[in-house]
Chemist: 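Right, I'll just put the structure down here and ask away after.
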Amino acid sequence: GAQSGPANVAVAVADADFTLAKEVVETGKYGNNYDGAVSPTGVVQARFDALPGQNVLTFKGYDIDFDDEVSVRLNGQVVEVLESGVNNGLASYEIVFEDGATRPEDNILEFVQNTNTTWRWGVTDIKLDHRIPLTIAETDATEQGNNFNGTTALDGQVAYTFEGLDVDARLSL
């Protein structure tokens, strides 16, 4: 016999609470009972497109009292269970998503209250950045600085130049 029914079925996808823009701090306050924020489900959701290299998420967690209270999921998978922070205050967190953990587009990031959805908790100052690993073929073993083993850098700066990179580079010592 003949079959009938809808030819196209739309699947509703919940809107994210916010979208992370490349290297821009999202200063909104999200969570529950945190400066007016309300999240009765205990989930705060963001969407973002991945950046090249390792994607790095930094944020501040508000009133995270226990080590297992809040977890972070990326595309449905738990990537971090946050350590306790500051009671009724803010603590800084950083999560590095290894290469391949993110999709090029439309990643779903969730902050999940695991203990009690009615508790006060939150996140703010959320930023997505990236790191591109730099391989140095030759190590510079010279000593640099001011008054360090006879070196002089009166302006307080030591400069290095990297050749062959098509992106900005940052040197951390």
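When a residue number appears, it is its place in the shown sequence, counting from 1. Please read all numbers here as calculations on a predicted model, not as lab measurements.
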Chemist: CG/D65 to CG/N116 distance, rounded to the nearest 0.5 angstrom?
Modeler: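 The CG atom of N116 is 11.5 Å from CG of D65, to the nearest 0.5 Å.
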
Chemist: Examine L20 and L74 and state if one hydrophobic cluster contains both, with Ile, Leu, Val, Met, Phe, Trp and Tyr joined whenever side-chain heavy atoms are less than 4.5 Å apart.
Modeler: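 Yes, it is one cluster - the side chains of L20 and L74 are joined through contacts under 4.5 Å.
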
Chemist: Let me see the working for Y34 and D63 under side-chain contact (heavy atoms from CB on, under 4.5 Å), right down to the final yes or no.
Modeler: CA-CA 9 Å; Y34 171 40; D63 197 27; over 6 Å; no

Chemist: CG/L90 to CD1/I64 distance, rounded to the nearest 0.5 angstrom?
Modeler: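 Between atom CG of L90 and atom CD1 of I64 there are 9.5 Å.
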
Chemist: Look at the side chain of E110 and the backbone N and O of V112, then say whether any donor-acceptor pair between them is shorter than 3.5 Å.
Modeler: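 Absent.
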
Chemist: Go through it in stages, so that I can follow the logic: the residues are F59 and L82, the test is side-chain contact (heavy atoms from CB on, under 4.5 Å), and I'd like the CA-CA distance, side-chain angles, deciding distance and then a yes or no.
Modeler: CA-CA 11 Å; F59 60 95; L82 301 182; 3.8 Å; yes

Chemist: In Å and rounded to the nearest 0.5 Å, what is the OG1 to NZ distance from T124 to K60?
Modeler: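 If we round to the nearest 0.5 Å, T124:OG1 and K60:NZ are 8.0 Å apart.
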
Chemist: Is V72 reachable from Y62 through a run of hydrophobic residues whose side-chain heavy atoms are each under 4.5 Å from the next?
Modeler: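 Cluster IDs for Y62 and V72 differ.
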
Chemist: Should I126 and V79 be regarded as members of a common hydrophobic cluster, given that ILVMFWY residues are connected when their side-chain heavy atoms come within less than 4.5 Å of each other, either directly or indirectly?
Modeler: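 Same cluster: I126 reaches V79 through Ile, Leu, Val, Met, Phe, Trp or Tyr contacts under 4.5 Å.
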
Chemist: How far apart are the closest heavy atoms of G85 and A91, and which atoms are they?
Modeler: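 Smallest interatomic distance, heavy atoms only, reads CA-CB, 3.7 Å.
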
Chemist: How far does CD of E69 sit from CD of Q113, to the nearest 0.5 angstrom?
Modeler: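 Going from CD on E69 over to CD on Q113, the span is 4.5 Å.
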
Chemist: So which heavy atom on T117 is nearest to which on T41, and how close?
Modeler: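 Shortest heavy-atom contact: CG2-O, 3.5 Å.
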
Chemist: Taking only residues at least two apart or on different chains, which pairs with a member in residues 74-87 satisfy side-chain hydrogen bond (donor to acceptor under 3.5 Å, both in side chains)?
Modeler: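 Counting only pairs at least two positions apart or across chains, the side-chain hydrogen bond (donor to acceptor under 3.5 Å, both in side chains) contacts touching residues 74-87 are D67-S84, N75-R103, N75-N107.
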
Chemist: Between D49 (side chain) and D106 (backbone), is there a donor-acceptor pair under 3.5 Å?
Modeler: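 Looks like yes, one N/O pair under 3.5 Å.
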
Chemist: Apply side-chain contact (heavy atoms from CB on, under 4.5 Å) to T102 and F48, showing your working.
Modeler: CA-CA 10 Å; T102 56; F48 69 93; 4.1 Å; yes

Chemist: Between F111 and Y30, is the ring centre distance below 6.0 Å?
Modeler: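 No, the ring centres sit 6.0 Å or more apart.
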
Chemist: Under 4.5 Å between any side-chain heavy atoms of W119 and V70, yes or no?
Modeler: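 Heavy-atom side-chain distance check fails, nothing below 4.5 Å.
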
Chemist: Run the numbers on H130 and Q54 for side-chain contact (heavy atoms from CB on, under 4.5 Å), then give the verdict.
Modeler: CA-CA 5 Å; H130 65 121; Q54 289 179 329; over 6 Å; no

Chemist: Between N32 and S39 (side chain of the first, backbone of the second, donor and acceptor by atom type, cut-off under 3.5 Å), is there such a pair?
Modeler: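 Checked: pair present.
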
Chemist: With clusters defined by side-chain heavy atoms of hydrophobic residues (ILVMFWY) lying less than 4.5 Å apart, directly or transitively, does V123 cluster with V43?
Modeler: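 Looking at the clustering, V123 is in a separate group from V43.
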
Chemist: Going hydrophobic residue to hydrophobic residue with side-chain gaps under 4.5 angstrom, can you get from V25 over to F18?
Modeler: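 No, because V25 and F18 fall into different hydrophobic clusters, even though each may have its own neighbours under 4.5 Å.
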
Chemist: For the atom pair CG (L128) and CG (N55), what is the distance rounded to the nearest 0.5 Å?
Modeler: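 Going from the CG atom of L128 to the CG atom of N55 covers 5.0 Å.
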
Chemist: Can you tell me how far CD of Q45 sits from OG1 of T19, rounded to the nearest 0.5 angstrom?
Modeler: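 Answer for the OG1-CD pair, T19 versus Q45, is 9.5 Å.
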
